Amino acid sequence: MSIAEAFPDTQKYWPSWDTREKLNCISTRKAPDSLCGLIRKLFTLHGDEDMPYYRQKEILQACRKWNLVWVGPGQAAPLEPHEIELLLGFDKDHTRGCASMTERYDALGNSFQINTVAYHLSTLKPLYPHGITVLSLFSGIGGGEVSLHKLGIYLKVVIAVEINEKVRGVLKSWWRKSCQAGELKLKNDVRDLTHEVLTDLIDEVGPIDLIIGGSPCNNLSGNNRVSRTGLNGSESSLFFEFPRILNIVTQIMRDKGFL
DNA sequence: CGTAATCAGATGGTCGCG
DNA sequence: CGCGACCATCTGATTACG
């Protein structure tokens with residue numbers, strides 16, 4: 001989706017020399033208001049067409065870095081949470097009411113893009129006409145769950161594992177808002193999913209059809225200047241929980257004759 | 001070798017509350 | 001006054017690519 005398609009009403013405010021057609025990656029951080037104030041000040045000094053070339057370049061660089069959009073004459077602004085929600089394919093106010101602004105930016109910056117994930121999961125629809133049982137690791141605000149729901153796949157059981165309480169609240173709230181008839185089971189920590197716990201879960205809900213999740217990128221992200229320590233970093237090493245749990249679930253499913 | 005992009009932490013501040 | 005929630009601001013290096 002292009003910027004013009006996503007923000008048709010703001011096109012009249014875009015300087016002719018801002019040639020961006022697509023935004024950059026949605027980040028967990030918001031541009032400082034001081035930066036937007038500086039840009040506004042430059043426009044009151046020069047105006048749109050008379051902006052010196054080097055200033056144009058500076059402003060454009062800031063716009064790219066912080067994903068700013070033009071919301072008024074000479075007025076660049078960060079995306080608001082509800083705009084990010086729509087860009088990511090969620091319903092408006094998906095994260096509203098459960099978390100502070102900072103927490104919403106954080107959770108949204110870490111989320112899946114719904115349409116993209118739904119594209120990859122679309123092959124599941126004919127395979128599970130009567131619903132699906134999902135083990136969702138690092139669920140966050142429920143990108144995987146929402147994708148399946150938007151595909152029209154009935155969520156029979158969702159076991160969602162998410163360590164942040166506020167973010168769990170977002171998922172819980174969505175489950176109610178979207179009138180899910182299935183069962184939502186929330187867990188806090190992927191590290192708690194031992195062989196015993198997973199056996200009990202499968203005894204309770206039956207075979208698991210899908211394991212989905214995106215592990216933390218904190219120690220991988222280029223934006224991290226402090227602890228970019230790689231896949232063995234304190235958060236990103238949780239990646240290895242995914243194959244560990246996958247192996248255990250596969251073993252249990254074999255033992256029970258589900259595979 | 002320049003341009004560009006990047007699922008982020010640490011710090012210090014305000015503010016409300018007990 | 002301590003505490004926690006919240007917020008604004010500061011902090012480059014590693015990649016990819018042409």
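Reminder, nothing fancy here: chain letters follow the sequence lines and each chain counts from 1. Note that the structure is predicted; figures quoted are calculated from it, not measured.
- In this structure, A/Ser173 contributes its side chain and A/Gly169 its backbone to no donor-acceptor pair below 3.5 Å.
- Side-chain atoms of A/Arg29 and base atoms of B/dG9 include a donor and an acceptor less than 3.5 Å apart.
- Base contact: A/Ser215 has a heavy atom under 4.0 Å from a base atom.
- The distance from atom CZ of A/Arg225 to atom C1' of C/dT15 is 15 Å, rounded to the nearest whole Å.
- Of the candidates B/dG9, B/dT6, B/dC7, the closest approach to any side-chain atom of A/Asn224 belongs to B/dG9.
- Taking only side-chain nitrogens and oxygens, A/Asn223 never comes nearer than 4.0 Å to OP1 or OP2 of B/dC7.
- Nucleic acid contact for A/Glu103: sugar-phosphate only, since backbone atoms but no base atoms lie under 4.0 Å from a heavy atom of the residue.
- Between A/Arg96 and A/Glu85, none of the side-chain N atoms (NZ, or NE/NH1/NH2) sits under 4.0 Å from a carboxylate O, so this pair counts as no salt bridge.
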Inset, instruction - Test side-chain contact (heavy atoms from CB on, under 4.5 Å) on A/Ile26 and A/Tyr105 and set out the steps. - result: CA-CA 9 Å; A/Ile26 302 291; A/Tyr105 277 110; over 6 Å; no

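- Between C/dT11 and B/dT6, the distance separating the two C1' atoms is 15 Å to the nearest Å.
- Checking C/dT9, C/dC7, B/dA4 against every side-chain atom of A/Ser100, the shortest atom distance belongs to C/dC7.
- Using a 30° and 60° split on the angle between ring planes, A/Trp17 and A/Phe43 fall in the parallel class, below 30°.
- Judged by closest nucleotide on DNA chain B, A/Lys57 is the one of A/Leu220 and A/Lys57 placed further toward the 5' end.
- Within the 4.0 angstrom heavy-atom criterion, only backbone atoms of the sugar-phosphate kind lie near A/Arg64; the bases stay farther away.
- Pairing for B/dC7 is absent, with no Watson-Crick or G-U wobble pair whose two atom distances lie under 3.5 Å.
- Closest-nucleotide positions on DNA chain C for A/Ala99 and A/Asp33 were compared, and the one nearer the 5' end corresponds to A/Ala99.
- One finds a side-chain N or O of A/Asn218 lying less than 4.0 angstrom from the OP1 or OP2 phosphate oxygen of B/dG9.
- Within the structure, every side-chain polar atom (N or O) of A/Thr102 is placed at least 4.0 Å from both OP1 and OP2 of C/dC6.
- Looking at heavy-atom distances under 4.0 Å, A/Asn219 makes no contact with the nucleic acid at all.
- With a 3.5 Å ceiling on both atom-pair distances, C/dG12 lacks any Watson-Crick or G-U wobble partner.
- Between the C1' atom of C/dT14 and the CG atom of A/Leu231 lies a distance of 16 Å, rounded to the nearest Å.
- The main-chain N or O of A/Asn219 is found under 3.5 Å from a side-chain atom of A/Ser236 such that the two form a donor-acceptor pair.
- Within the structure, every side-chain polar atom (N or O) of A/Ser27 is placed at least 4.0 Å from both OP1 and OP2 of B/dT6.
- The interatomic distance linking A/Asn24 (CG) with C/dT15 (P) rounds to 19 Å, in whole Å.
- Residue A/Cys25 places its side chain closer to B/dT6 than to any other of B/dT6, C/dC7, B/dA8.
- Counting to the nearest Å, the C1' atom of C/dA8 and the CG atom of A/Leu35 are 13 Å from each other.
- Atom CZ of A/Arg228 and atom C1' of C/dT15 are 9 Å apart (whole Å).
- Checking the phosphate oxygens (OP1, OP2) of B/dA8, a side-chain nitrogen or oxygen of A/Asn110 falls inside 4.0 Å.
- Note: NZ (A/Lys22) to P (B/dA5) measures 13 Å, nearest angstrom.
- Contact of the A/Ile132 side chain with the A/Tyr154 side chain is not registered, since no non-hydrogen atoms from C-beta on lie closer than 4.5 Å.
- Nucleotide B/dA5 holds its P atom 11 Å from the CG atom of A/Leu23, rounded to whole Å.
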